[in-house]
Each structure stands twice: as structure tokens, then as C-alpha cells.
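Step one of this worksheet: look at the structure below.
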There are 2 protein chains.
Amino acid sequence: MRADARRNYDKILSTARIVFTERGTDASLDEIARRAGVGPGTLYRHFPTREALVDALMQDWTDRVSADADAAIATDLPAREMLSDWFEHFIEHITLHRGAASKIAAAMDDPASPMYRKCQVMADANRRVIDHLEARGELRPSVDPVNVMRLVSGVATVADSSCTDLDVTPMLDVVVDGIVAD
Amino acid sequence: MRADARRNYDKILSTARIVFTERGTDASLDEIARRAGVGPGTLYRHFPTREALVDALMQDWTDRVSADADAAIATDLPAREMLSDWFEHFIEHITLHRGAASKIAAAMDDPASPMYRKCQVMADANRRVIDHLEARGELRPSVDPVNVMRLVSGVATVADSSCTDLDVTPMLDVVVDGIVAD
DNA sequence: CGACTATACGGAGACTGTCTCCGCTTTTGC
DNA sequence: GCAAAAGCGGAGACAGTCTCCGTATAGTCG
């Protein structure tokens with residue numbers, strides 16, 4: 001990749017991070033291009049679709065989410081606490097940009113989405129937590145990690161799309177109660 | 001209201017029902033106007049926003065959802081079965097048009113939304129089911145109906161936005177396990 | 001029935017956002 | 001330096017939203 005291309009790529013990405021935070025993931029792509037000081041053509045060459053751009057921004061998240069999962073496991077807390085911690089961290093990350101949570105929830109079951117791979121990484125992180133607790137015998141029989149992932153993404157989506165600053169804890173409590181052993 | 005206005009209003013509504021079913025709730029409003037045989041101005045006079053149009057279509061649903069709740073209560077089934085039935089029916093209704101579930105989830109906590117009232121009716125229906133089971137002592141202590149509603153809407157949103165035809169049952173099972181008494 | 005008025009219609013067009021195409025510029029390798 | 005390759009950017013086609021206002025029509029009253 002040519003040096004100027006690399007520069008523009010990075011500039012677009014850092015601008016997108018700002019604009020998506022300000023206006024959510026539905027912000028105008030032309031505006032991002034303008035504020036990054038490049039033409040729309042340049043933006044679309046680097047990121048053919050909005051999803052591709054969101055996907056590129058997600059790289060940071062997936063790393064952090066993965067780390068959070070391992071950190072949660074390392075705490076060695078009881079199942080309830082560990083899950084609550086993990087779920088809350090996960091939601092915090094995927095709602096960083098308004099509208100991102102629903103895109104992630106949709107991409108999770110869509111292998112054609114550019115975000116699919118990243119979703120897999122996050123799903124893996126979740127699986128590690130679930131498997132760990134399963135091994136400790138603290139979960140109900142036949143808890144499906146993928147399913148849990150979908151459910152928690154749903155909670156994130158609701159919280160994200162609500163105009164009020166919704167507390168996710170009560171919803172997560174229900175989910176946690178639904179998967180830990182009695 | 002003038003007779004021709006009434007005619008157009010109804011025509012727009014029935015056309016919207018078709019187009020929203022075909023293309024989801026993001027379909028072009030001008031297309032709905034065109035297919036209804038009216039000018040865009042006429043559509044926007046009757047329904048100033050997309051939400052207002054979706055809201056008008058929702059009238060049928062709220063009635064049916066309300067009836068479903070009462071029907072579920074009348075079955076007198078055990079808590080798990082009753083809740084599963086009710087949740088599945090509810091989701092079936094609010095995912096009638098692609099994109100509707102997320103709009104409803106968002107409107108649920110937004111008194112400014114034109115759909116807010118309808119959401120209240122559905123939330124009331126849910127509250128009746130929960131309260132009934134609570135009275136029978138089959139639920140965990142302090143189950144919040146509003147919270148349950150949000151959670152189930154989240155499940156609906158995930159199912160609706162997934163490109164695959166996702167089965168909601170496993171997710172609902174977790175929710176049900178999370179609210180019924182051990 | 002004909003005239004009058006309030007009501008409603010509809011479509012042109014302003015505006016915004018998406019996305020492409022292609023003539024021009026910059027970088028890179030030699 | 002020079003040529004080729006790589007990349008730029010902005011004009012503009014296209015689609016959707018929404019408004020404004022000249023025109024048409026339903027309802028009303030003498």
C-alpha cells in the first residue's frame with residue numbers, strides 16, 4: 001500500500017471513530033470523508049460499504065472484549081458475578097457507537113457480513129466464559145453459548161436504541177438467572 | 001374528515017401494509033404513495049413521519065396482542081408453558097414487518113414516540129400475564145413486567161434483524177428460566 | 001341547482017445522502 | 001529524472017425525504 005494511501009486510510013478511520021461517536025453509525029459517510037479531508041471516492045475505495053468501515057473500527061473492540069472475557073475468568077468469582085461482569089463489559093464495548101449493537105447482532109448469524117469474523121472472535125470469548133463455568137458445574141445443563149451471545153446482544157440493542165439511558169443490569173439478571181444452575 | 005380524504009387515508013394504510021410486508025418498515029414512502037395512487041404530499045399530510053404510519057398500522061396488532069395475553073391466561077397452563085406461548089405469540093406479531101420490532105423496542109421507553117401509547121397497551125397485556133403467574137406464586141420474587149417486556153423485545157429484534165430464519169425458542173427458554181420460580 | 005368556501009390533492013423541486021467514474025496527481029522503482 | 005502504477009477527488013447520477021402552493025373537489029347554503 002502506498003504511503004499516502006495508508007495516511008488517508010488511517011485519517012478516515014480516526015475521523016470515523018469521532019463522527020460515529022458523535023452521531024452514531026448512521027452518520028453520513030460523505031461527512032466523514034469531508035472531515036477527514038479526502039474525497040468521497042477515496043473513502044469508498046478504502047471502505048466499499050458502511051459495514052466495512054464499522055468492521056475496521058471494531059478491530060480494537062474485539063481485542064478488548066477478548067481480554068475482558070479472560071479477565072472475568074481469572075477473577076474466579078461465583079458464576080453469577082462472573083457472568084454479570086462479563087456481560088456488562090461486553091455490552092459496554094458494543095454500544096460504544098450508537099447503532100453498532102444491532103449491526104453486530106445481525107452480523108452474528110450472517111457469514112456474508114464483513115463483521116462476521118470479528119463476531120466469531122467475540123462469540124469465542126463468550127464461549128470461553130460459559131465453558132469455564134460449565135466445567136465448574138455451575139450452569140444449567142445444555143446452555144448454548146451462541147444462544148447466550150444472541151440474547152445479550154439483544155439486551156445491548158434494546159439499551160442502545162432506547163432514548164433514555166437504560167440500565168441493563170435488571171435485564172442481565174434475568175438472563176443470568178436463566179443460565180446458572182439453581 | 002372529507003370523504004375523499006378518508007378514502008385516501010385508508011388506501012395509503014392498506015398499501016403500506018402490503019409494501020411494509022414486502023420490503024420491511026424501511027421501504028420508500030414515496031413508493032407507498034405511488035402505489036396507493038396518491039401524491040407524496042397527500043401521504044405526508046396524513047402521516048407526517050414514518051413512525052406515524054407504522055403506528056397507524058399497529059392498531060390491529062395491539063388488539064391482537066392484548067387478546068393473545070388473555071387467551072394465554074385463560075389456558076391455565078403451568079408458568080413455563082404459558083409464558084412460552086405468550087412470548088412466541090407476541091414476537092410473531094411484532095415481527096410482522098421487518099424492522100418493526102426494533103422500532104417498538106425503542107418506542108417502549110420514549111413517551112415522545114407516536115407509538116408509545118400502543119406500546120403501553122402491549123406492556124399492559126404482558127403485565128396481566130406476569131401478574132397472574134405472580135399471584136399463583138410461580139415466579140421468582142420481584143419480577144418486573146416492564147423489564148421482561150424489554151427483554152422479549154430484544155429477542156424479537158435479534159430474530160428480526162437476523163438474515164437467517166432464527167428460532168427464538170432457545171432464547172425464550174433462557175428468559176423463561178430466568179423468571180419462573182425454581 | 002349553482003355558487004361559495006373550506007378542505008384536500010398532487011407533483012415539481014429543494015435538499016440530503018449514497019456511490020461511481022474518470023481525468024489528474026503523486027508515489028515508487030529504476 | 002522518468003515512466004508506470006497507484007491513488008486521489010470531485011462532479012454528478014441516482015434515490016429517498018419532505019414541502020410548498022396552484023389547482024381541484026366535497027360539502028354547504030340560499
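Below, read A as the first sequence line, B as the second, and so on, with proteins coming before strands; counting in each chain starts at 1. Keep in mind the model is a prediction, meaning the values are calculated, not measured.
Side-chain N/O atoms of A/His46 include none lying less than 4.0 angstrom from OP1 or OP2 on D/dG7. Between C/dC9 and B/Asn8, a contact under 4.0 Å exists linking OP1 or OP2 to a side-chain N or O.
Scored by the ring-ring contact (aromatic ring centres under 6.0 Å, His included) test, A/Phe87 finds no partners at all (sequence neighbours excluded). Legend: residues meeting side-chain contact (heavy atoms from CB on, under 4.5 Å) with B/Thr42, ordered by chain and number and at least two apart, are B/Asn8, B/Ile12, B/Val38, B/Arg45, B/His46. Judged as a ring-ring contact (aromatic ring centres under 6.0 Å, His included), and not counting sequence neighbours, the contacts of A/Phe47 are A/Tyr9. For A/Asp4, the salt bridge (charged side-chain N to carboxylate O under 4.0 Å, His left out) partners two or more places apart in sequence, or in a different chain, are A/Arg2. Take A/Asp10 and apply the salt bridge (charged side-chain N to carboxylate O under 4.0 Å, His left out) test, not counting sequence neighbours, and it matches A/Arg6. For A/Glu22, the salt bridge (charged side-chain N to carboxylate O under 4.0 Å, His left out) partners two or more places apart in sequence, or in a different chain, are A/Arg35.
Straight-line distance from the CD1 atom of B/Ile32 to the P atom of D/dG16: 11 Å, rounded to whole Å. Atom C1' of nucleotide C/dG10 and atom CZ of B/Phe47 are separated by 17 Å, given to the nearest angstrom. Between B/Arg34 atom CZ and C/dA12 atom P there is a gap of 13 Å when expressed in whole angstrom units.
Each of A/Met58, A/Met108, A/His97, A/Met115 was checked for a side-chain contact (heavy atoms from CB on, under 4.5 Å) with A/Lys103, and the lone residue meeting it is A/Met115.
B/Thr169 and B/Asp167 share a donor-acceptor pair across their side chains, judged by distance under 3.5 Å alone.
Under the salt bridge (Lys or Arg N to Asp or Glu O under 4.0 Å) criterion, the residue pairs touching residues 141-159 of chain B are B/Asp109-B/Arg150, with sequence neighbours excluded. For residues 152-161 of chain B, there are no salt bridge (Lys or Arg N to Asp or Glu O under 4.0 Å) pairs, not counting sequence neighbours. Within the structure, the salt bridge (Lys or Arg N to Asp or Glu O under 4.0 Å) test picks out the following pairs touching residues 118-133 of chain B (sequence neighbours left out): B/Asp55-B/Lys118, B/Asp70-B/Arg128, B/Asp124-B/Arg127, B/Arg127-B/Asp131.
Within a heavy-atom distance below 4.0 Å of DNA chain C, no residue of residues 11-24 of chain A is found.
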Taking N or O atoms only and anything under 3.5 Å, show me the protein contacts with nucleotides 18-22 of chain C, one pair per line.
| unit_1 | atom_1 | unit_2 | atom_2 | d |
| --- | --- | --- | --- | --- |
| C/dT18 | OP1 | A/Arg50 | NH2 | 2.3 |
| C/dT18 | OP2 | A/Ser28 | OG | 3.3 |
| C/dT18 | OP2 | A/Leu29 | N | 2.9 |
| C/dC19 | N4 | A/Asp30 | OD2 | 3.3 |

Could you go through nucleotides 27-29 of chain C and list every protein N or O atom that sits under 3.5 Å from one of its N or O atoms, giving the distance for each pair?
| unit_1 | atom_1 | unit_2 | atom_2 | d |
| --- | --- | --- | --- | --- |
| C/dT28 | OP1 | A/Ala3 | N | 3.3 |

